[in-house]
4 protein chains.
Amino acid sequence: MKVGIIGASGYTGAELIRGLSLYQEVEINQIVSRNFAGKKLKDVFPHLSDSRYQDLTFEEEADLDSSDFYFLALPHQPSVELVKLLHEKGKKVVDLSAAYRIKNPSAYPNYYGFEHKYLELLSESVYGLPEIFREEIGKASIVANPGCYPTATLLALFPAVKEGIIQSDSITVNALSGISGAGRGLKQHFHYPEAYGNAYPYNPIKHRHIPEMEDVINGISDKKLLIRFTPHIIPVSRGMISTVVFKTDMKKEQLEELYRLEYRYEPFIRILNNPPAIKDVVGSNYCDIYVDYDERTGDAVVISAIDNLGKGASLQALQNFNIMTGMLEDKYIKDISRVSILFP
Amino acid sequence: MKVGIIGASGYTGAELIRGLSLYQEVEINQIVSRNFAGKKLKDVFPHLSDSRYQDLTFEEEADLDSSDFYFLALPHQPSVELVKLLHEKGKKVVDLSAAYRIKNPSAYPNYYGFEHKYLELLSESVYGLPEIFREEIGKASIVANPGCYPTATLLALFPAVKEGIIQSDSITVNALSGISGAGRGLKQHFHYPEAYGNAYPYNPIKHRHIPEMEDVINGISDKKLLIRFTPHIIPVSRGMISTVVFKTDMKKEQLEELYRLEYRYEPFIRILNNPPAIKDVVGSNYCDIYVDYDERTGDAVVISAIDNLGKGASLQALQNFNIMTGMLEDKYIKDISRVSILFP
Amino acid sequence: MKVGIIGASGYTGAELIRGLSLYQEVEINQIVSRNFAGKKLKDVFPHLSDSRYQDLTFEEEADLDSSDFYFLALPHQPSVELVKLLHEKGKKVVDLSAAYRIKNPSAYPNYYGFEHKYLELLSESVYGLPEIFREEIGKASIVANPGCYPTATLLALFPAVKEGIIQSDSITVNALSGISGAGRGLKQHFHYPEAYGNAYPYNPIKHRHIPEMEDVINGISDKKLLIRFTPHIIPVSRGMISTVVFKTDMKKEQLEELYRLEYRYEPFIRILNNPPAIKDVVGSNYCDIYVDYDERTGDAVVISAIDNLGKGASLQALQNFNIMTGMLEDKYIKDISRVSILFP
Amino acid sequence: MKVGIIGASGYTGAELIRGLSLYQEVEINQIVSRNFAGKKLKDVFPHLSDSRYQDLTFEEEADLDSSDFYFLALPHQPSVELVKLLHEKGKKVVDLSAAYRIKNPSAYPNYYGFEHKYLELLSESVYGLPEIFREEIGKASIVANPGCYPTATLLALFPAVKEGIIQSDSITVNALSGISGAGRGLKQHFHYPEAYGNAYPYNPIKHRHIPEMEDVINGISDKKLLIRFTPHIIPVSRGMISTVVFKTDMKKEQLEELYRLEYRYEPFIRILNNPPAIKDVVGSNYCDIYVDYDERTGDAVVISAIDNLGKGASLQALQNFNIMTGMLEDKYIKDISRVSILFP
């Protein structure tokens, strides 16, 4: 199968190439990047200089016909259009932007600053979180790959939302993200000497991932639930922690049982006996989850850890690819997850 | 004035010496450390090798008579005894351990694993957070210097608790701490290759700082308030963020006004227009605070940043020292705070 | 084939397990560690908690009979004895300590503080640097896996030494190492807050790796060559740079040609057009090399980069294993090297 | 005295303001920055938001009349002109660029890509390394503040060059630098996720600091000496190590004696008994030096550590300012050096 990666010179693009280079069924036949057009893969990403795609050259423009399957790792607005064009040509697409993630179209002007014109396509696209929407992903031609914060947070919330055990109206979510989550674009506060030894919260009231998270949980929950969300930047390259707190009557043992049961067949979810650490998931598609209960305050405390570029982006995109193309869901991704983890 | 530092070879001890080396009114006449007894300051802490105390030698045992004022930077249980002995000798003490921080004695067996025998002394000691207990500190002979998490969290909560605007029964607190907060003792998970690039929550249900925080706020609040507290380790040396969420009716402008008013004369509190960053407080005694309001969920979001070894430990201890000895409260500490900040 | 790993709870042990978990021909049938005896792999190394060996339990004592092949990741002196015992039982061994690396026995008392008693075995063992001793490794039953500094430095020197182009008597080597190179044992200066943001040279005159390097180059060179070696610690977890300077008449183009020719069939050596960076080799078995010439001073400048735990230890040990057991030399290791690299 | 800082929004500018804020004799009356014109100091540098200059506003254009003394922290070519204009107005200047550092004008086209038009001024300016040129600095009106690599390297070489004990024609210098040494301008390879965990050499043959170093040592040495220089980037914000190797007959004790004698009255040089570490000099104006001798190869090994923004830039600029204005040379700078050091 011929696969095209459009927006291939960012971090998620590089991770897609790293992963797909193991796929014997796949040939990446185009990598597209305006910024690096004309350059070879190995010159832009020296760590991939022994990849089978090392001599592939970045193209200026995408060819929408020559590939069978497309990964889009572009800004939101260009993706809106490109997904539509690819869809009209009958191509399957995993879109890593937010362009088709949210069913409620009013979120786009409110949180992203543009009107979404293709409402039909928006309702046809499937949110690419396999642990919740596996079946729909299998039939979809447009999969909107989730954001990193929503992936970590929704996996920490899903069993509780599905079971209807959340008693508060709002859920307090605090999350930590490595800086690669902000992408490869240069910014003063991510210049190494300024980010070094620093940590801080940002967008504490109105982060773009809020409507994405609420859209999914309110599609499942009978009761309307709000997300109170504070993201923090921490000075690591990769990795994400989401700490979720909500009122419930269910105690620790029952909660843990609920989560273990819900996720018992999931290849990439590990329920731990101790709080998770990002070091144990970096480079992988794992989501590690820990469940606890505060008897004093009556709160469940659920903590999840992912690699924002792995389960939070590119490896989850491959998981969706595997499902959409009828492959074994964990093929290659399991091996990558096992050996790409750096210890220490 | 002669000052003794008992437990002088840890991080808080080193910071006390750094700060006190500017004090012209003070002579440090003893530094005590079992582990480094017989060694010179400059050999244990090369960064202090041009200090006026560079040739001072660590003593094995404390001399409880020869100093006028004592700083104790010891484990909790030895401090219980030593504070008592010093008190009997009429010495003034700032104790950096938790030995005399909590008025409610049942917290000690529950959270610290020992019975506190000196209840009278416990009730006589003053909690060393000047922004709340300045007057009492001025008259005290035993000041229990606050923990780092409580300092950051209580300063983020105090105006709201005092004003009685918190409508929820519990307050959700998420905090991030640099690793120096865990002290200088060696542990596998703080071995550099293992801590590098890692971050994780720990003790998510029953951290020792909970009773310390609840003790203070419930001494002020008419309504009983519980702290729901999740601390996280992040891979920096110094610095702490506390993100506090509670239900209230007061909107952003009123909240900010409340905080600005309460802290308007405080020399070490800065109310910011943007979320604070640890980089801006490292090395200093500042506590930077940001106040916001989530209209959707009805939550106040207050975020504070301190240096866990500065305002969270040793520089706050010097602030208490200044108050207890009748000096200008910000003398020397202001200069240290201004120039010790490393940029970038 | 049954494989035993003795000393399996350190960093090199963990990396051996990570790598071997891909090997379909291999069953790890024992992992031995005094410190962690009785614990399961997944509890000691959570990042391996989805490994096929996740439930393997660390043994207190090694069983010298039950495995066909042994990896030893122990201190030097225990290895001296254990290699002998295994050899007597006819087992093949890759020893990751220095116990059998140096042919000249006087190096042991001088640099390691003990007399080596088994001179015959010392002369029989083969130095496990495949790019130089591939043929001997193929026939060996004891392979002494090289140190990390010697691996990086010797690969930067080998073509020049072999060709006899070095005109100075001494070669100036400056090297940088990540902290995992010092192992997993706790030390004050590797406690995170103390190592963070720090860098320094150490052992600038008499580092243990000097005789190991000189032993190899003087086995090849007609002329006696001395290594002037300054190692530096830098605050990363993994990765190593060796910068080698020597007088020669050969100019840049010729030098580069010499290196490209010598290494043209090597699966794990990449000659680059720009100075190498540790980020591009971390997690892999690659050695990236750059060659330049200073016309003003008449010096060749050769720079190599490896992962100290990869090509500098465990993945090189697997490369030796592949050669010793008749497998394709790069089997599995190539895939690991390609996908284990984290970007960014 | 009124002081102007032109180019005040970079790292060296911020450090100048941090230091000068202690000076009671000084009023900074202008801070100039095209990029941040119109913004207040505290908004650009929040860590300085309690400085006495917090409300000073960055100007678009420099006023060459209103200050008595000027610090220039600009790119090289604008400095060439601006120094001339200020000189014509009779102003004293410390220029932190390379515009007036090198006496040999041919270095400018060769290494900096422009012809230097003001040869007279070039010969009149004084190289601002007080340990070598203190007397000239005291009389100068234009002081060219040294580069960071030259400061560290020349202080490691000066006693040996002055004494004439270097027997080789070339001196091998390997240096490590924190990333702030490259300034505040954004570059892809200094984007946090890419610099994190990375280290690499760069410009291994023709770095701009070579002519600056050779210019100084060949002004002192009878014998022409060449610098063989390899700089490396390491992933810290601040700090620099220079490791210098040269042939000599002088053994360790004599060498150390030579260095101690030469620097015995220097307020900012500390000769250590162990190799220096950057952690001990960060934030300060210290240069820590260690001297050793390799009996096997006949090489002296001298290692120095500085803060590239401290002794390597802004604090050294203040040291020059103190000398040029007749103040005590170490006034304020000593206090800053003592308390700005962060431990750990």
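Atoms considered below: every heavy atom in the structure, side chains included; atoms not considered: hydrogens, waters and symmetry mates. A quick note: this is a predicted structure, and the numbers were derived from the prediction, not measured. A note on names: the letters A, B, ... follow the listed sequences, proteins ahead of strands, and every chain is numbered from 1.
Chain B forms more heavy-atom pairs under 4.5 Å with one residue of A:K206, A:E214, A:H191 than with any other, namely A:E214. Note on A:P276, A:G298, A:G239: by heavy-atom pairs under 4.5 Å with chain B, the leading option is A:P276. For the set A:V236, A:I233, A:N274, A:V282, the count of heavy-atom pairs under 4.5 angstrom toward chain B peaks at A:V236. Between chain A and the options B:P275, B:A195, B:P201, the largest number of non-hydrogen pairs under 4.5 Å is found for B:P201. When A:T243, A:I234, A:D169 are compared by the number of non-hydrogen pairs under 4.5 Å with chain B, A:T243 comes out ahead.
Heavy atoms closer than 4.5 Å to chain B are found in the side chain of A:I210, but not in its backbone. Interface residue B:I278: backbone and side-chain heavy atoms are both found under 4.5 Å from chain A. Residue B:Y290 touches chain A through its side chain alone, counting heavy-atom pairs closer than 4.5 Å. Contact annotation for B:A305: neither backbone nor side-chain heavy atoms come within less than 4.5 Å of a heavy atom of chain A.
Contact record, B:E194 with A:K279: O-NZ, 4.2 Å, taken as the closest heavy-atom pair. Closest heavy-atom contact between B:A199 and A:I241: O-CD1, 3.8 Å.
For the atom pair CD1 (A:I303) and OG1 (B:T230), the distance works out to 6.0 Å, reported to the nearest 0.5 Å. The OG1 atom of B:T297 sits 7.5 Å away from the CD1 atom of A:I205 when rounded to the nearest 0.5 Å. Distance check: A:T172 OG1 to B:R228 CZ gives 10.0 Å after rounding to the nearest 0.5 Å.
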**OP:** Applying side chain to side chain contact (heavy atoms under 4.5 Å, CB included), run through A:S170 and B:K247 and close with a yes or a no.
**Re:** CA-CA 10 Å; A:S170 66; B:K247 299 285 176 199; 2.9 Å; yes
